[in-house]
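Predicted, not measured: the structure shown is a model, and the values here were computed from it. Counting from 1, the numbers follow the sequence of the chain as shown. Each ligand, and each atom within it, is numbered from 1 in the order the structure gives.
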Amino acid sequence: MRFDVVTIFPEFFDTLDISLLGRARRGGTVSWGIHDLRDHTHDRHRTVDDTPYGGGAGMVMRPEPWGEALDGILDDADDPVVIFPSPAGEVFTQSLARELSQEKHLVFGCGRYEGIDQRVFEHTATRARTRLVSIGDYVLNGGEVAVVAMLEAIVRLVPGVVGNPESLVEESHEAGLLEYPSYTKPPAWRGLDVPDVLRSGNHKAIADWRLEASRERTRRVRPDLLPPDDEGVSPAR
Ligand SMILES: COc1cc(COC(=O)c2cn[nH]c2)cc(-c2cccnc2)c1
């Protein structure tokens with residue numbers, strides 16, 4: 001997979017080389033480019049924003065630099081998906097992460113200020129699949145944090161990136177339930193014991209315990225994730 005990021009803070013993405021993404025890049029399964037939006041301005045102050053038509057507080061990102069930046073990245077041949085993090089976007093979920101992990105080329109546009117001129121989305125949508133995506137119902141100062149979060153969720157699902165693909169199966173949200181509680185040595189710690197079943201060696205009993213633990217945790221913390229006909233859904237206390 002290749003991904004490109006357009007931002008006014010390219011240095012924000014210097015950390016991508018750490019851990020998972022760095023290993024994936026060195027292994028050749030992932031490549032990326034970080035593009036400074038200001039490189040696509042032509043005035044002395046490298047201006048990327050301006051006052052909003054219709055008035056109001058704050059500034060809006062100008063369309064011209066975005067058009068030029070995306071001109072240099074979008075190549076029809078690899079059918080890219082362009083993603084703009086936005087509080088007004090569709091919700092980012094594990095299933096969207098899985099869907100995007102199968103794409104050849106992702107392009108992320110990081111908004112700042114009060115947002116990006118609407119014509120950038122409209123024009124980009126004429127030449128690539130374009131999506132506004134929200135990582136949650138809150139407002140950040142810019143899309144960079146959201147892009148890093150989405151990249152981590154997406155790239156770890158790209159085949160060959162995570163050493164043991166088995167570890168991706170039993171995670172929260174993978175099977176529609178929250179993950180069961182995990183334990184490791186020592187068997188007793190500060191008066192707290194590991195559940196006996198997990199040390200029993202009885203694989204069926206362990207699997208049953210884990211499924212029930214996942215369902216109980218989901219019922220308690222995220223009943224919204226359970227199918228509507230799930231009997232015994234107790235309201236979150
Ligand atoms: C401060 O105003 C903003 C901030 C951001 C950064 O993203 C988030 O805050 C976010 C993302 N998921 N949850 C929150 C994006 C936009 C924006 C971008 C494109 C079109 N319209 C608006 C505007």
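- At the shortest separation from atom 8 (C) of ligand 1 among protein heavy atoms lies Pro87 CD, 3.6 Å.
- Atom CZ of Arg119 sits in a sparse spot, with 12 or fewer heavy atoms from other residues, nucleotides or ligands closer than 6.0 Å.
- In this structure, the side chain of Ser214 engages the main chain of Tyr180 through a donor-acceptor pair within 3.5 Å.
- Contact annotation: for Phe121 versus ligand 1, heavy atoms closer than 4.0 Å belong to the side chain alone.
- Remark: Arg220 engages Glu216 in a salt bridge, criterion side-chain N to carboxylate O under 4.0 Å.
- Residue, atom and distance of the protein heavy atom nearest to atom 18 (C) of ligand 1 are Pro85 O, 3.4 Å.
- For ligand 1, the atoms closer than 4.0 angstrom to any heavy atom of Tyr138 are 13 (N), 14 (C).
- The contact set between ligand 1 and Gly143, taken as ligand atoms under 4.0 Å from a residue heavy atom, comprises 6 (C).
- In summary, Glu144 and Arg112 engage in a salt bridge, as defined by a charged side-chain N under 4.0 Å from a carboxylate O.
- Counted within 6.0 Å of CG on Asp137, heavy atoms from surrounding residues, nucleotides or ligands total 12 or fewer; the atom is thus considered open.
- On a distance-only criterion, Gly136 and ligand 1 share at least one N/O pair closer than 3.5 Å.
- The heavy atom nearest to atom 17 (C) of ligand 1, out of those in Ser86, Gly111, Gly58, is found in Ser86.
- Classification of Glu99 and Arg131 as a salt-bridged pair holds, one side-chain N sitting under 4.0 Å from a carboxylate O.
- Evaluated by nearest non-hydrogen atom to atom 2 (O) of ligand 1, the leading choice among Tyr113, Phe84, Phe92 is Tyr113.
- Residues passing the side-chain contact (heavy atoms from CB on, under 4.5 Å) test with Ala97, sequence neighbours excluded: Phe92, Ala153, Ile154, Leu157.
- The nearest heavy-atom contact from the protein to atom 12 (N) of ligand 1 is Ile135 N, 2.9 Å.
- Grouping Ile, Leu, Val, Met, Phe, Trp and Tyr residues whose side-chain heavy atoms lie under 4.5 Å apart, directly or via other members, leaves Val91 alone, with no other cluster members.
- Of the protein's non-hydrogen atoms, Leu140 N, 2.8 Å is the one closest to atom 9 (O) of ligand 1.
- Within ligand 1, counting atoms from 1 as listed, the ones closer than 4.0 Å to a heavy atom of Val139 are 1 (C), 9 (O).
- Taking any N or O of Val133, backbone or side chain, none lies under 3.5 Å from an N or O belonging to ligand 1.
- The aromatic rings of Phe3 and Trp32 sit parallel to each other, their planes meeting at less than 30°, with 60° as the upper class boundary.
- Close approach to Gly142 involves these atoms of ligand 1, each under 4.0 Å from a residue heavy atom: 6 (C).
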